[in-house]
Amino acid sequence: MLDPKLIRNNPEAVKKGLKNRKADASLVDRFLAVDEEWRKLTAEVDQLKAKRNEVSDKIGQMKAKKEKSDDVIAEMKSVSARIKELDAELQQVEQRLNDISFGMPNLPHMSVPLGVDARDNLEIRNWGKSTKFSFQPKAHDEIGKDLGILDFAAAAKISGARFVVNRGQGAALERALISFMLDLHTKENGYTEVMTPVLVNPKSMQGTGQLPKFEEDLFKMKDEELYLIPTAEVSVTNLHREEILLVDQLPIKYVCHSLCFRREAGSYGKDVKGIIRQHQFNKVELVKFVEPDKSSDELEKLTFDAERVLQKLELPYRVIELCTGDLGFSAAKTYDLEVWFPSEDKYREISSCSNFESFQARRAAIRYKASATAKTEYLHTLNGSGLAVGRCLAAILENYQQSDGSVVIPKVLRPYMSGCEKISK
RNA sequence: GGAGAGAUGGCUGAGUGGCUUAAAGCGGCGGUCUCGAAAACCGUUUUCCGCUUCUGCGGAACGCAGGUUCGAAUCCUGCUCUCUCCGCCA
């Protein structure tokens with residue numbers, strides 16, 4: 001949610017920001033119109049309520065003195081009826097205002113490059129040399145099938161398309177990756193590990209921005225008002241919903257492993273092979289709560305924390321800065337990490353690190369006090385994958401494959417796999 | 001799933017229709033005292049919204065949503081959550 005004062009005082013700047021990210025700039029004018037109506041009604045209702053409070057107080061005093069108050073009560077009856085009418089009207093206007101506010105995306109940060117779509121994204125830096133082979137490298141799903149560690153047929157039988165069963169060393173490798181990432185972020189990068197529910201209420205989904213606009217992307221329970229999280233960002237960010245934190249608690253840094261669930265509606269033809277795009281996948285997520293003036297620096301650090309995973313796994317990657325047109329709904333600025341997939345001869349997204357500034361904090365009412373006497377203010381939230389585990393496993397299979405079809409285990413993972421150095425048939 | 005109890009400010013905890021403008025205590029903040037601190041004493045204390053900005057004025061919020069009433073923390077209805085006991089269960 002954007003600051004309503006910013007929209008009122010600086011509508012042209014907001015429109016420009018919305019246009020830059022290809023959003024509907026007419027939302028601003030609709031907001032302003034409804035907002036004015038809302039303020040007018042609010043003033044009228046408040047005035048009537050002030051009168052009601054005053055006169056009701058007087059009635060109490062008259063009753064205490066046993067004076068007659070029938071005619072005053074009769075008069076107040078009509079005032080109360082009018083208040084009820086206006087309150088109902090106000091509620092409707094408020095609902096309309098909320099619909100507009102919660103449907104409006106975040107504004108891009110000043111530093112974000114202008115652009116229309118993914119083609120305008122910028123490569124910021126790259127690490128490692130794209131893996132070269134003396135043989136024709138296989139795709140990860142083929143490697144997994146051949147080694148008997150990824151079973152798509154079994155997953156299709158028990159669940160359907162876009163699911164996978166990990167078997168034997170394939171399951172162990174996934175578990176090793178999760179443990180390795182959690183250890184790295186807790187022991188070396190200073191994050192606190194949390195384990196949160198994967199089913200959350202609608203309010204949590206609204207807090208981080210998945211609702212109301214993106215309900216079709218979510219799995220929803222049939223008999224309960226609960227949704228499966230598409231990312232631990234939702235449950236972890238909402239950990240502090242409707243709280244006022246003290247400045248010395250900041251920054252708060254959480255790392256959370258969770259399963260993530262996505263319907264992938266509208267991506268039917270996309271990435272149907274392999275484990276790149278699944279309805280259910282493991283992810284280790286980093287989430288930060290920081291003071292507003294520190295969030296830009298914290299995004300750089302967060303991105304670097306995610307990069308360290310790829311560096312330690314010795315997987316070649318690059319860092320992409322998303323242009324204004326490619327930003328997600330809630331993000332003010334985003335870096336994507338893309339890892340090298342030799343079978344496709346290209347980089348693919350494995351992490352997305354974003355600064356949401358006060359957008360989510362405002363939706364979820366997460367505030368802080370800069371000192372005991374200071375005003376409460378919205379803090380800034382950030383998050384990033386550190387990393388998507390399934391895609392990471394796929395990248396390892398491809399980059400560490402050998403000519404005999406076996407896959408070498410990255411050195412840092414071996415302690416997590418009972419010293420196993422290689423998966424072979 | 002069954003039976004019962006409960007939800008009040010940062011915390012504890014009073015408050016069963018109008019001197020409650022939510023008591024009191026703890027904690028926090030400011031001050032007096034002190035070389036400094038502690039203690040003591042004095043003062044202060046939530047969040048949100050609108051109007052006005054020099055101060056300020058008004059409204060809302062006692063789990064949530066409705067209702068009764070001139071007036072609701074207080075009465076009524078529904079819901080959510082927490083706790084206790086029983087049943088079931090990893």
Side-chain angles (χ1 to χ4, degrees), chain A residues 1-9 31-102 195-207 211 220-221 223-227 235 238-250 252 259 289 358 360-379:
Chain A
M1 201 156 67
L2 302 179
D3 182 356
K5 290 192 183 99
L6 176 72
I7 308 176
R8 279 176 206 149
N9 300 336
F31 174 90
L32 290 174
V34 180
D35 180 57
E36 201 178 318
E37 196 181 339
W38 178 82
R39 282 192 286 172
K40 224 175 104 186
L41 264 172
T42 300
E44 200 178 342
V45 171
D46 281 1
Q47 215 173 355
L48 282 173
K49 284 184 178 172
K51 186 176 179 190
R52 183 181 69 182
N53 288 344
E54 192 192 330
V55 177
S56 289
D57 202 45
K58 216 180 281 172
I59 291 171
Q61 289 169 25
M62 288 166 84
K63 290 230 170 187
K65 285 188 251 170
K66 306 246 192 272
E67 289 172 22
K68 260 193 90 158
S69 51
D70 296 3
D71 44 340
V72 190
I73 288 176
E75 189 201 333
M76 289 322 289
K77 244 181 201 177
S78 68
V79 172
S80 276
R82 180 71 183 139
I83 288 174
K84 208 170 172 179
E85 249 174 59
L86 288 175
D87 256 340
E89 204 176 318
L90 187 63
Q91 213 169 23
Q92 280 192 357
V93 174
E94 221 157 43
Q95 186 58 51
R96 275 197 285 150
L97 196 60
N98 271 340
D99 288 348
I100 297 168
S101 299
F102 279 95
M195 214 182 259
T196 58
V198 292
L199 282 169
V200 302
N201 57 32
K203 219 168 177 189
S204 297
M205 286 294 185
Q206 180 174 274
L211 288 181
K220 190 184 179 195
M221 295 298 110
D223 299 317
E224 313 276 342
E225 277 295 301
L226 291 171
Y227 296 86
S235 44
N238 278 281
L239 231 36
H240 293 293
R241 193 176 72 224
E242 287 149 48
E243 285 185 10
I244 300 171
L245 304 166
L246 293 172
V247 70
D248 33 292
Q249 293 176 266
L250 304 179
I252 295 174
L259 279 168
F289 301 81
S358 62
Q360 292 180 329
R362 203 177 290 278
R363 291 176 153 247
I366 311 171
R367 293 157 293 173
Y368 83 107
K369 270 183 190 285
S371 74
T373 49
K375 253 186 77 177
T376 55
E377 279 179 85
Y378 292 105
L379 47 70

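Just so we're on the same page: letters track the sequence lines, and every chain starts at 1. FYI, side chains are in, hydrogens and waters are out, and symmetry mates aren't considered; it's all heavy atoms of this structure.
Using Watson-Crick or G-U wobble geometry with both donor-acceptor distances under 3.5 Å, B:G58 finds its partner in B:C49. Pair check for B:U80 finds B:A7; Watson-Crick or G-U wobble, both atom distances under 3.5 Å. With a 3.5 Å ceiling on both atom-pair distances, the Watson-Crick or G-U wobble partner of B:C75 is B:G67. Nucleotide B:C19: unpaired (no Watson-Crick or G-U wobble partner with both distances less than 3.5 Å). In this structure, B:U34 makes no Watson-Crick or G-U wobble pair, since no nucleotide meets both defining distances under 3.5 angstrom. Remark: B:G1 base-pairs with B:C86. Criterion, Watson-Crick or G-U wobble with two distances under 3.5 Å.
Among the atoms of the strands shown, none is found under 4.0 Å from any heavy atom of A:E94. Among the atoms of the strands shown, only primed sugar atoms or phosphate atoms (P, OP1, OP2) are found under 4.0 Å from some heavy atom of A:A50. Within the 4.0 angstrom heavy-atom criterion, only backbone atoms of the sugar-phosphate kind lie near A:K84; the bases stay farther away.
Mapping A:K369 and A:D35 onto RNA chain B by nearest heavy atom places A:K369 at the nucleotide closer to the 5' end. Position along RNA chain B of the nearest nucleotide to A:I73 versus A:K375 favours A:K375 as the more 5'-ward residue.
A gap of 12 Å separates the C1' atoms of B:U34 and B:A39, to the nearest Å. Remark: the separation of the C1' atoms in B:U21 and B:G28 is 23 Å, to the nearest Å. Nucleotides B:U74 and B:U8 place their C1' atoms 11 Å apart, quoted to the nearest Å. Separation of the P atoms belonging to B:A24 and B:C41 is 16 Å when rounded to the nearest angstrom. Separating the C1' atom of B:A23 from that of B:U77 is a span of 31 Å, rounded to the nearest Å. One P atom belongs to B:C86, the other to B:A14, and the distance between them is 28 Å to the nearest Å. Between B:A22 and B:U45, the distance separating the two C1' atoms is 14 Å to the nearest Å. Taking the P atom of each, B:G9 and B:U47 are spaced 14 Å apart, rounded to whole Å.
You'll find the side chain of A:V200 stays beyond 4.5 Å of the side chain of A:N238, heavy atoms only.
Note: CD1 (A:I244) to P (B:G27) measures 21 Å, nearest angstrom. Rounded to a whole Å, the CZ atom of A:R52 is 16 Å from the P atom of B:G18. Regarding A:I59, its CD1 atom lies at a distance of 18 Å from the P atom of B:G17, rounded to whole Å. Between the NZ atom of A:K49 and the C1' atom of B:A60 there is a distance of 7 Å, rounded to whole Å. Note: NZ (A:K203) to C1' (B:C81) measures 13 Å, nearest angstrom. Rounded to a whole Å, the CD atom of A:Q249 is 14 Å from the P atom of B:G10. When rounded to the nearest whole Å, the span between CZ of A:R39 and C1' of B:G50 equals 9 Å. Per the geometry, CG belonging to A:L48 stands 16 Å off P belonging to B:C70, to the nearest Å.
Between the side chain of A:D46 and the base of B:G59 there is no donor-acceptor pair of N/O atoms closer than 3.5 Å.
Between A:K40 and A:E37 there is no salt bridge, since no side-chain nitrogen of the basic residue lies less than 4.0 Å from a carboxylate oxygen of the acidic one.
A donor-acceptor pair under 3.5 Å is formed between the side chain of A:R363 and the backbone N or O of A:Q206. Looking only at distances, no side-chain donor or acceptor of A:D35 sits under 3.5 Å from a matching main-chain atom of A:F31. Side chain of A:S78 to main chain of A:E75: a donor-acceptor pair is present (N/O by atom type, distance under 3.5 Å, no hydrogens or angles).
The phosphate of B:G50 (OP1 or OP2) has a side-chain N or O of A:R8 nearer than 4.0 angstrom. Within the structure, every side-chain polar atom (N or O) of A:Q47 is placed at least 4.0 Å from both OP1 and OP2 of B:A60. A sub-4.0 Å separation between OP1 or OP2 of B:G17 and a side-chain N or O of A:S56 is absent.
Comparing atom distances between the A:K5 side chain and each of B:G50, B:C48, B:G59 picks out B:G50 as nearest. Considering only side-chain atoms of A:S80, the nucleotide from B:U47, B:C70, B:G50 that sits closest is B:C70. Listed nucleotides: B:G50, B:U47, B:C70. Nearest to the side chain of A:T42: B:G50.
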